[in-house]
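This structure is a prediction, so every number in the text was calculated from the model and none was measured. Both backbone and side-chain heavy atoms feed into the values below; hydrogens, waters and symmetry mates do not. Just so it is clear: chains get the letters A, B, ... in the order the sequence lines come, proteins before strands, and each one is counted from 1.
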Amino acid sequence: MTDFNAILRGLDDLERLTLRGGLAGLDRMAVIYERAMQQDPAHGDVTGATHANYAALVVGPGRDTAGDVASIVAVVESLNPGESEAGTAEVDGIGVILTSATSYQRDLETQYAGNKAVLGPTIAGAGEDFTRAAAEGMREALR
Amino acid sequence: MSIDYAAILGSLYDRAASASAGATFRATLGGASSLFLATLLPKWRDPATAGRPARVWAVWRPGAVGGSSGEQRAVTASWWLYDDPARGTYRLDTALTALEALYGIGARHAIAHGLTRVVFIGQVFTDDALGLTGREVRISYDRRG
């Protein structure tokens, strides 16, 4: 006789493992992208705040990144007081937010047709890498 | 088949800058000299500079390439549209609409062996250094290579 409860438990486990694996894969790739943005030579950095606060935040069930956002705001305030700015975003499922908490980031991203942009070009090139990282993490989790 | 980035970016640029398909888009710009490379922007910073092109401008800047060798690649570039703040956003949006037609859903196979798309339309911003309002329209050419 079919044990439907066992099937449902298995499906729950599958979802849980898949999400966990996807998050682990995104975490690995986020470290790489965060470091790259923090070393990006597209612009200078008088106080050090601009580079130090670039962040790749992995979001998903149980990970709302509020603490991470508070951390990067604190970084900006410690290096360049009064220049922090933060907002909110919602991600369905799992994902990554590439962001900065300086009030002048918008200008860096747009002036002279993006001559000093970091987030825009990074986001444009990151999709394939993060998608592959999430898929690899899921595959590892399901082995 | 390896990817020829120069050929792809050249094709993406030419589609707006010189191809017959881009005539409607070019008609939304200020004039023949209003379409140029981003490296020339500092030259036109001062509104009093002689020969400064009429707005609307379309400024070309190649962007990042996503993906890894042998897998799916995304070759990106942006047209940055600029206008005088006093003109509001209507002319910018008219140019934007023409760009969407050039690279959007009806032109996905405009460049061989890949998929051409508009992947990002930025919000209107003010560039204080130029004294102009602007919008970014980012395009992507995706293919394996």
* Evaluate whether atom CG of A:Asp12 has more than 12 neighbouring non-hydrogen atoms of other residues, nucleotides or ligands under 6.0 angstrom away. => yes

Looking only at N and O atoms, which donor-acceptor pairs between chain A and chain B are within less than 3.5 angstrom?
unit_1, atom_1, unit_2, atom_2, d
A:Tyr112, N, B:Asp127, OD2, 2.8
A:Tyr112, O, B:Arg61, NH2, 2.8
A:Tyr112, OH, B:Arg45, NE, 3.4
A:Tyr112, OH, B:Arg45, NH1, 3.2
A:Ala113, N, B:Tyr82, OH, 2.8
A:Ala113, O, B:Arg61, NE, 2.5
A:Ala113, O, B:Trp80, NE1, 3.3
A:Arg132, NH1, B:Ser68, OG, 3.4
A:Arg132, NH1, B:Glu71, OE1, 3.2
A:Arg132, NH2, B:Ser68, OG, 3.4

* Asked: According to a 4.5 Å side-chain heavy-atom criterion applied to Ile, Leu, Val, Met, Phe, Trp and Tyr, with indirect links allowed, do B:Ile3 and B:Ile139 form part of one hydrophobic cluster?
  -> yes

Indicate every side-chain donor-acceptor pair of residues 64-76 of chain A with a distance under 3.5 Å to a residue at least two apart or in another chain.
unit_1, atom_1, unit_2, atom_2, d
A:Asp64, OD1, A:Ala66, N, 3.0
A:Ser71, OG, A:Gly67, O, 3.0

* Spell out, yes or no, whether B:Phe125 and B:Leu132 are grouped together once hydrophobic residues are joined by side-chain heavy atoms under 4.5 Å, including indirect joins. => yes

* Are B:Leu37 and B:Leu102 joined in one hydrophobic group, where the rule is that I, L, V, M, F, W and Y side chains link up if heavy atoms are under 4.5 Å apart? -> yes

* ILVMFWY network linking A:Met37 to A:Leu57, side-chain heavy atoms under 4.5 angstrom -> no

* **Where A:Ala113 and B:Ala38 come nearest, the two heavy atoms and their spacing** => CB-CB, 4.2 Å

* Closest-packed option against chain A by number of heavy-atom pairs under 4.5 Å, given B:Leu41, B:Val65, B:Val119 -> B:Leu41

* Using the rule that two of Ile, Leu, Val, Met, Phe, Trp, Tyr join whenever any of their side-chain heavy atoms come within less than 4.5 Å, decide whether B:Leu81 and B:Ile121 are in one cluster. => yes

* **Under 4.5 Å from any heavy atom of chain A - which part of B:Val59** => side chain

